[in-house]
Amino acid sequence: MNIQLALKETALGVELPSYIAADYQHFDKPIGIAKELMTVLFEWRNAAIHYALPMSRQLEDTNEKFRELANTWKKDVRLYSSVSQMVLHPAYQRIVGMGPAAVPLLLRELAEKPDHWFWALKAITGVDPVKLEHRGKVRQMAEDWLRWGQEQGYRR
């Protein structure tokens with residue numbers, strides 16, 4: 001591996017010190033560089049690549065991202081009794097941050113197993129189709145949202 005080339009591939013464009021050279025027979029193995037320094041430079045290169053393109057900026061599958069966040073949220077809040085605490089959980093907030101792409105996924109969650117996804121749906125869509133007499137009744141609230149989703153073309 002040519003460390004100079006590897007580092008130039010990153011946003012850093014860093015040159016190796018002049019005392020590090022490569023002989024003509026082993027161009028990929030610099031002379032005067034310890035194995036540990038090679039490891040540090042390799043990790044430095046990886047960090048530079050990550051900095052230039054962190055995971056949060058990489059394209060990822062919306063379904064996969066939603067599933068991870070939903071599972072984290074469910075696991076972390078399973079013993080919470082306060083809905084306010086549930087919806088303030090970072091994973092829940094990141095789902096809200098997914099915007100309209102999360103709506104069909106949230107509706108699918110409600111269809112499979114009703115849970116407290118109502119605040120997220122309301123925050124994303126700006127509507128609240130829950131009937132007054134259904135407030136506080138999770139299963140009936142889920143049915144109202146599922147009906148709304150079907151009317152809006154989210155669910156078939």
Side-chain angles (χ1 to χ4, degrees), residues 1-16 28 30 35-156:
M1 173 178 156
N2 184 334
I3 297 298
Q4 287 180 331
L5 180 62
L7 287 173
K8 282 183 180 180
E9 290 174 0
T10 69
L12 296 176
V14 175
E15 297 290 331
L16 286 174
D28 289 347
K35 180 181 174 186
E36 291 80 10
L37 181 56
M38 290 286 287
T39 301
V40 168
L41 291 173
F42 180 76
E43 292 301 325
W44 184 23
R45 174 185 170 272
N46 287 343
I49 291 169
H50 178 73
Y51 177 78
L53 188 62
M55 291 301 291
S56 61
R57 292 186 196 158
Q58 293 180 17
L59 294 176
E60 57 183 9
D61 180 53
T62 304
N63 289 332
E64 183 180 321
K65 179 181 176 182
F66 176 83
R67 179 66 32 228
E68 282 180 30
L69 292 169
N71 287 341
T72 298
W73 177 75
K74 288 176 186 179
K75 179 181 66 102
D76 290 353
V77 304
R78 68 181 185 272
L79 299 177
Y80 288 11
S81 59
S82 167
V83 176
S84 297
Q85 281 184 306
M86 290 179 190
V87 303
L88 291 175
H89 188 278
Y92 194 97
Q93 291 299 310
R94 287 187 61 203
I95 289 171
V96 172
M98 291 173 67
V103 172
L105 303 171
L106 289 165
L107 292 171
R108 185 181 67 209
E109 282 288 310
L110 285 179
E112 291 173 7
K113 185 177 185 287
D115 210 336
H116 292 283
W117 295 113
F118 315 115
W119 189 92
L121 285 164
K122 184 177 177 181
I124 294 168
T125 65
V127 299
D128 187 359
V130 176
K131 296 176 183 173
L132 200 54
E133 62 270 15
H134 293 169
R135 301 222 184 267
K137 300 171 185 168
V138 175
R139 195 163 303 283
Q140 290 177 332
M141 292 171 71
E143 289 171 7
D144 289 344
W145 271 105
L146 293 172
R147 189 176 312 105
W148 174 88
Q150 193 168 22
E151 291 168 0
Q152 300 302 312
Y154 282 106
R155 302 196 70 247
R156 298 193 180 1

On a heavy-atom basis, which atom in Gln140 and which in His134 lie closest, and how many Å separate them?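 Here Gln140 and His134 meet closest at OE1-CD2, 3.4 Å.
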Specify the closest pair of heavy atoms between Lys75 and Arg78, including all atoms of both residues, with the distance to one decimal.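 Looking at all heavy atoms of both residues, the shortest contact is O-NH1, 2.6 Å.
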Given the rule in the side chain to side chain contact (heavy atoms under 4.5 Å, CB included) test, do Arg94 and Lys65 qualify, once you have shown the distances and angles that lead to the verdict? CA-CA 10 Å; Arg94 287 187 61 203; Lys65 179 181 176 182; 4.1 Å; yes
How many angstroms lie between CG in Asp76 and CG in Asn71, if you round to the nearest 0.5 Å?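 Output value for this atom pair is 10.5 Å.
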For the pair Lys131 and Arg147, evaluate side chain to side chain contact (heavy atoms under 4.5 Å, CB included) and give the outcome as yes or no after the intermediate values. CA-CA 11 Å; Lys131 296 176 183 173; Arg147 189 176 312 105; 4.2 Å; yes
Sequence neighbours left out, what passes side-chain contact (heavy atoms from CB on, under 4.5 Å) with [X]? Give chain and number order.
X	result
Ala102	Ile95, Met98, Leu106, Ile124
Ala91	Leu69, Thr72, Trp73, His89
Asp128	Lys122, Val130, Arg135, Trp145
Ser84	Ser82

Is it the case that the side chain of Tyr92 and the backbone of Ala120 share a donor-acceptor pair, with hydrogens and angles ignored and the cut-off at 3.5 Å?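 Indeed, once roles are kept as given, a pair shorter than 3.5 Å links the two residues.
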Side chain to side chain, Val127 and Leu121, heavy atoms closer than 4.5 Å: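 Result no, sub-4.5 Å side-chain heavy-atom pair not found.
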With sequence neighbours excluded, tell me which residues meet side-chain hydrogen bond (donor to acceptor under 3.5 Å, both in side chains) with Glu109.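 Residues passing side-chain hydrogen bond (donor to acceptor under 3.5 Å, both in side chains) with Glu109: Arg67, Lys74.
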Expected list for residues 111-118: side-chain donor-acceptor pairs under 3.5 angstrom, two or more places apart:
none

